[in-house]
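Working notes for the structure below.
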Amino acid sequence: MHTLTSGWLLPLVYTIGWLLIVAQPRQHWAIARAAGLGGLLVALLSVIAATAGAHFSTLDADTLGLLGAMLVSLLGWVIIQFSSRYLTGDARQSRFIGAMLFTLASVGVLLLSRHLLVIVLAWSGTSVGLHYLLTHYPERKAAQIVAHKKFLISRCAELCLAIALFLVYQATGTLSLDALASYLGTRESLPTGLHVAAVLIALAAILKTAQLPLHGWLIQVMEAPTPVSALLHAGVVNIGGFVLIRLAELISLAPAAQIVLVIAGSTTAVLASLVMMTRISIKVRLAWSTCAQMGFMLLEIGLGLYELALLHLVAHSLYKAHAFLSAGNTVEEARHRDFTGARMVPASPYWYLTAALVTGALIAASAWVWHLFQPTLTLPLVTILILAFGLAPLLWFEQGRSAALLVRGLGQVVALTQLYLLWHWLFGTVVLPAETVSVALTVWVSLCFLGLYIAQFWLRRNPQGRLSTRLYPWAYNGFYLDETFTRVTFRVWPATLSPSQAQTRVNRFSSQPGELL
């Protein structure tokens, strides 16, 4: 079975399911479960067929698409199973499942296509399906406003993509990814048109991944059912990263696009991480976490760390789907820890800095050992710094310190590092390997992560200090970026609301400032 032929069966399964639901709406859940399971089986068989005839390191260019298809089919199956219980008794179940399958079919086409025009059209289709999911409760004012903001941002992104496609075709005479890769393989620099196209594609990805200050719709989608949040945060919002990885050859030759991605991604990652520290609502914290993680992924792509970005994309999708679907259990676990956990005892600043240095040394040593056995596996310095700041909190020991805790913390750092290096090596065979990373961008990202790390442990040590009291209202309100964007946007293109929706007032007990109920 050819990988391309078998892979394209995935969106076909979801499309057939969507058409059947339109024709037989009373059998929606039986059709949806069959489509979800069928999609998962097709994706699994496609991966088996792709690996049966070739060694893993020599897989063809469709491996990335099949990996994405496997991930989406798994998430789709799980979310459909969850939705069948979550939406019991809902009057709009058929509409929900139809929109869900349409969205999954669009994502499947996007993941498996090797043509830029098809990718852009499928991305637009995904946005249309998501619009129906976000407005599942059309009588809710917040749902309509969020969908309106998402609609405007998506159309701006698609305008950028349309201009980019025109410039790519004008410069190369093709929109095929294979032909484009062949063209780029013979060049050491890009003509002006392709430079502009790369920047526009980067801007489209920034818009689609809800980077600051265009992030508000992603934070306020809680008016939609929980399965929609799971699908959005675990799958749809990651598409921007996937498209950029698909176009790695183009992005690698466009320094301006790399700078745009790194600056936007690092700024969003730092600010969203600070905002997340002020949140007590589980879902709102998860939403801000997604915003920050998308920033991390975009800056990784801007640095040329495509295997790290792909690993980030897959790991984030699986984690965020589980986090949203188990949000209720998370509340119970947090409540249990509040009653039984030990009181936090912040360490000295030197302890936090030492933890980062020790973690970095362990990661560097592990990477050196792996390089002895796998010479193709190398970690740039910026990757080591990112991992060190990410794993260092395992050595903070704020709820007590002992030799046993130190051994356990060090063991966790070493184990997670080996797991990361394994997946880094595997994903390095799927995407374009990292090339020389810009020194200036490396310094910028290193300073951003160092500043965020210092700010996090300083705020934890001094929750009532001068920095905390001055920063808290700004961080809690998202630095007022979304409010400013919303005012400007609605002056240009206001949302159309029904009379009953227009009379809805702001709930003063809302967990999200500016969230309308």
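Keep in mind it's a predicted model, so treat the numbers as computed, not measured. Note that these values count all heavy atoms, side chains included, but never hydrogens, waters or copies made by symmetry.
- Note that the CZ atom of R246 and the CG atom of L180 stand 12.5 Å from one another [nearest 0.5 Å].
- In this structure, L459 CG and Y472 OH are separated by 12.0 Å, a value rounded to the nearest 0.5 Å.
- With values rounded to the nearest 0.5 angstrom, L112 atom CG is found 11.5 Å from L12 atom CG.
- A 6.0 Å sphere centred on OH of Y169 holds no more than 12 heavy atoms belonging to other residues, nucleotides or ligands.
- A donor-acceptor pair is defined here as one N or O able to donate and one able to accept, closer than 3.5 Å; such a pair exists between the side chain of R95 and the backbone of Y132.
- In this structure, the separation between CG on L10 and CG on L104 is 8.5 Å, given to the nearest 0.5 Å.
- Partners of L167 by side-chain contact (heavy atoms from CB on, under 4.5 Å), not counting sequence neighbours, listed by chain and number: I163, Q170, V196, A197, L200.
- Looking at L310 and L64, their side chains come closer than 4.5 Å, going by heavy atoms from C-beta outward.
- For the pair Q93 (side chain) and L87 (backbone), a donor-acceptor distance under 3.5 Å is present.
- Side-chain atoms of P393 and F457, non-hydrogen and from C-beta on, never get closer than 4.5 Å to each other.
- By the side-chain contact (heavy atoms from CB on, under 4.5 Å) test, L20 is found to be paired with I16, I31, residues two or more places apart in sequence or in another chain being considered.
- Taking each heavy atom of A198 and I251 in turn, the nearest pair found is O-CD1, 4.3 Å.
- Legend: residues meeting side chain to side chain donor-acceptor pair (under 3.5 Å) with S317, ordered by chain and number and at least two apart, are N238.
- Listed by chain and residue number, L391, Q412, V413, L416 satisfy the side-chain contact (heavy atoms from CB on, under 4.5 Å) test with L394 (two or more places apart in sequence, or in another chain).
- A distance-only check finds a donor-acceptor pair linking the side chain of T103 to the backbone of A99 [under 3.5 Å].
- Of all heavy-atom pairs spanning W288 and R279, the tightest one is NE1-NE, 3.6 Å.
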Please assess S127 against R155 for the test side chain to side chain contact (heavy atoms under 4.5 Å, CB included), listing each intermediate value before the final yes or no. CA-CA 9 Å; S127 178; R155 301 297 80 78; 3.1 Å; yes

Which is it for L214 and I206 under the side chain to side chain contact (heavy atoms under 4.5 Å, CB included) test, yes or no, and what are the steps along the way? CA-CA 9 Å; L214 312 174; I206 290 170; 5.6 Å; no

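- Residue pairs satisfying the ring pair (Phe, Tyr, Trp, His ring centres under 6.0 Å) criterion with at least one member in residues 98-130, sequence neighbours excluded, are listed as follows: W18-F102.
- Put simply, the side chain of V13 does not reach to within 4.5 Å of the side chain of L41, judged on heavy atoms.
- The backbone N or O of V445 lies less than 3.5 Å from no partner atom in the side chain of S266, so there is not a single donor-acceptor pair.
- Every salt bridge (Lys or Arg N to Asp or Glu O under 4.0 Å) that K149 has, sequence neighbours left out, goes to D482.
- Scanning all heavy atoms of the two residues, the minimum distance from I80 to G36 falls at CD1-CA, 4.0 Å.
- In this structure the side chain of V228 reaches within 4.5 angstrom of the side chain of F96, judged on heavy atoms.
- Here the side chains of L467 and N462 are not in contact, with every heavy-atom distance at 4.5 Å or above.
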Steps toward side chain to side chain contact (heavy atoms under 4.5 Å, CB included) verdict (S289, H233): CA-CA 10 Å; S289 169; H233 288 264; over 6 Å; no

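- For the atom pair CG (L303) and CD1 (I386), the distance works out to 6.5 Å, reported to the nearest 0.5 Å.
- Between Y420 and H424, the angle of the ring planes lies from 30° to 60°, which puts this pair in the tilted group.
- Applying the ring-ring contact (aromatic ring centres under 6.0 Å, His included) rule to F389 yields the partners Y453; only residues at least two apart in sequence or on another chain are considered.
- Taking 4.5 Å as the limit, every side-chain heavy atom of V109 sits out of range of all side-chain heavy atoms of T126.
- Looking only at side-chain heavy atoms (C-beta outward), L212 and T267 stay at 4.5 Å or farther from each other.
- Contacts of K208 classified as salt bridge (Lys or Arg N to Asp or Glu O under 4.0 Å), with partners at least two apart in sequence or in another chain: E158.
- Residue C160 comes nearest to A204 through the heavy atom pair CB-CB, 4.2 Å, listed as atom of the first residue, atom of the second, then distance.
- In this structure, the side-chain contact (heavy atoms from CB on, under 4.5 Å) partners of L111, at least two apart in sequence or on a different chain, are V72, V107, F242.
- Between the side chain of T278 and the main chain of L274, no donor-acceptor pair closer than 3.5 Å is present.
- Here the closest non-hydrogen pair linking A309 and E300 is CA-OE1, 3.3 Å.
- At distances below 3.5 Å, at least one donor-acceptor pair connects side-chain atoms of S84 with backbone N or O atoms of Q81.
- For the pair P227 and M100, the tightest heavy-atom approach, listed with the atom from each and the gap, is O-CE, 4.5 Å.
- In terms of the ring-ring contact (aromatic ring centres under 6.0 Å, His included) criterion, F151 has no residue partners (sequence neighbours excluded).
- Crowding of W77 atom CH2: a count of heavy atoms from other residues, nucleotides or ligands under 6.0 Å not exceeding 12.
- Checked by atom type and distance alone, the side chain of T15 pairs as donor or acceptor with a backbone atom of P11 at under 3.5 Å.
- Looking at residues two or more places apart in sequence or on another chain, you find a ring-ring contact (aromatic ring centres under 6.0 Å, His included) between F449 and F296.
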When you look at V42 and S73, which way does the side chain to side chain contact (heavy atoms under 4.5 Å, CB included) test go after all the steps? CA-CA 9 Å; V42 165; S73 64; over 6 Å; no

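- For T268 (side chain) and G265 (main-chain N/O), no donor-acceptor pair under 3.5 Å exists by modelled atom type.
- For Y480, the ring-ring contact (aromatic ring centres under 6.0 Å, His included) partners are W474, not counting sequence neighbours.
- Side-chain atoms of M70 and L40, non-hydrogen and from C-beta on, do get closer than 4.5 Å to each other.
- Atoms CG and CD, from L298 and Q293 in turn, are 11.5 Å apart once rounded to the nearest 0.5 Å.
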